[in-house]
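What follows is one structure encoded as structure tokens, with my remarks underneath.
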Amino acid sequence: MNVNPNLDYTPEVREALETGRPVVALESTIVSHGMPYPQNVQTAREVEETVRQRGVAPATIAVVGGRIKVGLSEDELEQLGSDPSFAKISTRDLPHTVALGRNGATTVASTMRVAHLAGVRVFATGGTGGVHRGAQQSMDVSADLTELARSQVCVVSAGVKSILDIGLTLEYLETLGVPVMTLGSATFPAFYSRLSDFASPLSVDSPEQAAAVLRAKWELCDRGVGDVLPGGVLLANPIPAEAEIAADEIGPHIDSALRDMQALGISGKDTTPYLLGRIVEITGGRSLIANIALVRNNAAVAAQVAAAYSGLEMN
Ligand code: PSU
Ligand code: MN
């Protein structure tokens, strides 16, 4: 177990890591900046329970008072969901948040980095960041993508939202050498919708197959002489059919949220939180119901992948 002096583990996560039981990492920006209170805290608790029910320890990751938490207490989870002093922090922000003793909610990128440090190999989220529409001008490409090329973590997500340019996001991941595979489908999913307009670069039929790919990937990164080239894997998991909002229905709402954002002059790291909140408003809360369903579904799959991977690791 990694004894990095900046990391604090909950007893549950510490015990799991010490005894080789599987662990699933969970991000915290989705709680603080991705959903309204109190549904955010309730969802975070349900997601942790979903993971536990499969015999896997949940590690929700955030920075509290400069300490990097690998697993949160009940009180910390409540604080994360309700206290506006939790800034959205990506990988670049981690050192500053730690050194100045601040509170931070970790994005997919920074959660991956912490999971990597802690030796947690599987991570569940809702949707990952990607190449933003108009990135040819703005150069707005999420650090989630570059982190996928570095940290040794499998991210389970429902694909990327069409607030992003899905085609360019897939191109970028190809350039970075990140395996992108969809569970049980040949088509890459678009978060609220099971189908995007893009074929998935790879697919797998089961969590066990996904775990086998992780093992092969990481075996191929290690020359056995200490120079490891890790990097992650993106496992896309389509939203459950009963919760999906079809692409032609959500598409116009996303376009109108993007227009509102432009009119307000919002850019940079505020883009994603603004759009998520605005789409919930425009859909009268329907998108939030879909979001909660897909996060829980991703947590269930991540737990299965983590369990299968830890079985392979022991062989
Ligand atoms: N996409 C979603 N829901 C989210 C996010 C993205 O569908 O909650 C959050 C995640 O924390 C992700 C971050 O890591 O937004 C990406 O932000 P940016 O585009 O600024 O990199
Ligand atoms: Mn950005």
Side-chain angles (χ1 to χ4, degrees), residues 25-37 39-40 43-44 47 60-63 80-81 86-94 104-115 123-148 151 153 155-166 168-169 172-173 188-193 196 232 234 236-239 243-245 250 253-254 257-258 261 266-280 283 287-299:
L26 301 162
E27 65 148 314
S28 46
T29 292
I30 195 177
V31 182
S32 66
H33 290 71
M35 290 184 193
Y37 181 81
Q39 288 98 327
N40 57 355
T43 303
V47 166
T60 303
I61 289 169
V63 185
L80 165 72
F86 279 82
K88 171 188 168 188
I89 60 165
S90 191
T91 309
R92 63 167 183 174
D93 306 303
L94 275 172
T106 49
T107 62
V108 168
S110 47
T111 304
M112 281 188 84
R113 178 64 63 91
V114 173
F123 161 23
T125 181
T128 39
V131 180
H132 281 262
R133 292 200 207 171
Q136 295 89 332
Q137 280 299 317
S138 67
M139 290 188 67
D140 191 348
V141 178
S142 177
D144 294 356
L145 301 186
T146 40
E147 199 57 43
L148 270 163
S151 286
V153 178
V155 179
V156 182
S157 93
V160 296
K161 274 200 187 73
S162 52
I163 60 173
L164 303 170
D165 189 318
I166 299 177
L168 290 188
T169 301
Y172 204 92
L173 287 166
F188 190 72
F191 197 81
Y192 299 120
S193 321
S196 71
L234 182 59
N237 182 34
I239 184 172
E244 106 165 308
I245 309 178
I250 196 76
H253 297 319
I254 289 175
L258 283 162
M261 183 181 80
I266 292 169
S267 64
K269 68 186 278 193
D270 299 329
T271 301
T272 302
Y274 172 80
L275 289 171
L276 299 180
R278 185 70 190 122
I279 293 166
V280 172
T283 62
S287 69
L288 181 60
I289 295 171
N291 201 346
I292 292 170
L294 66 84
V295 174
R296 292 184 64 168
N297 189 41
N298 293 344

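FYI, the numbering just counts along the sequence from 1. Counting starts at 1 for both ligands and their atoms, following the listed order.
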Task: Closest non-hydrogen atom pair between Phe191 and Leu294, with its separation - done: O-CD2, 3.6 Å
Open item on the list: Counting C-beta onward and ignoring hydrogens, is there a side-chain heavy-atom pair between Ile250 and Thr283 closer than 4.5 Å?
Closed with: yes
Task: Closest approach to the Mn ion (ligand 2) by Asp140, given as the N, O or S atom name - done: OD1
Task: Shortest non-hydrogen contact between Phe188 and Ser196, atoms and distance - done: O-OG, 2.6 Å
Task: Within the protein, residues bringing a heavy atom under 4.0 Å of ligand 1, chain by chain - done: Glu27, Thr29, Ile30, Lys88, Thr107, Val108, Gly127, His132, Ser142, Asp144, Lys161, Phe191, Thr272, Leu276
Task: Student check: side-chain heavy atoms of Lys269 and Lys88 closer than 4.5 Å - done: yes
Open item on the list: Give me the atom names and distance for the closest heavy-atom approach of Gly126 to Val295.
Closed with: CA-CG2, 3.8 Å
- [ ] Rounded to the nearest 0.5 Å, what's the gap from CG on Leu275 to CZ on Arg133? Could you check?
- [x] 9.5 Å
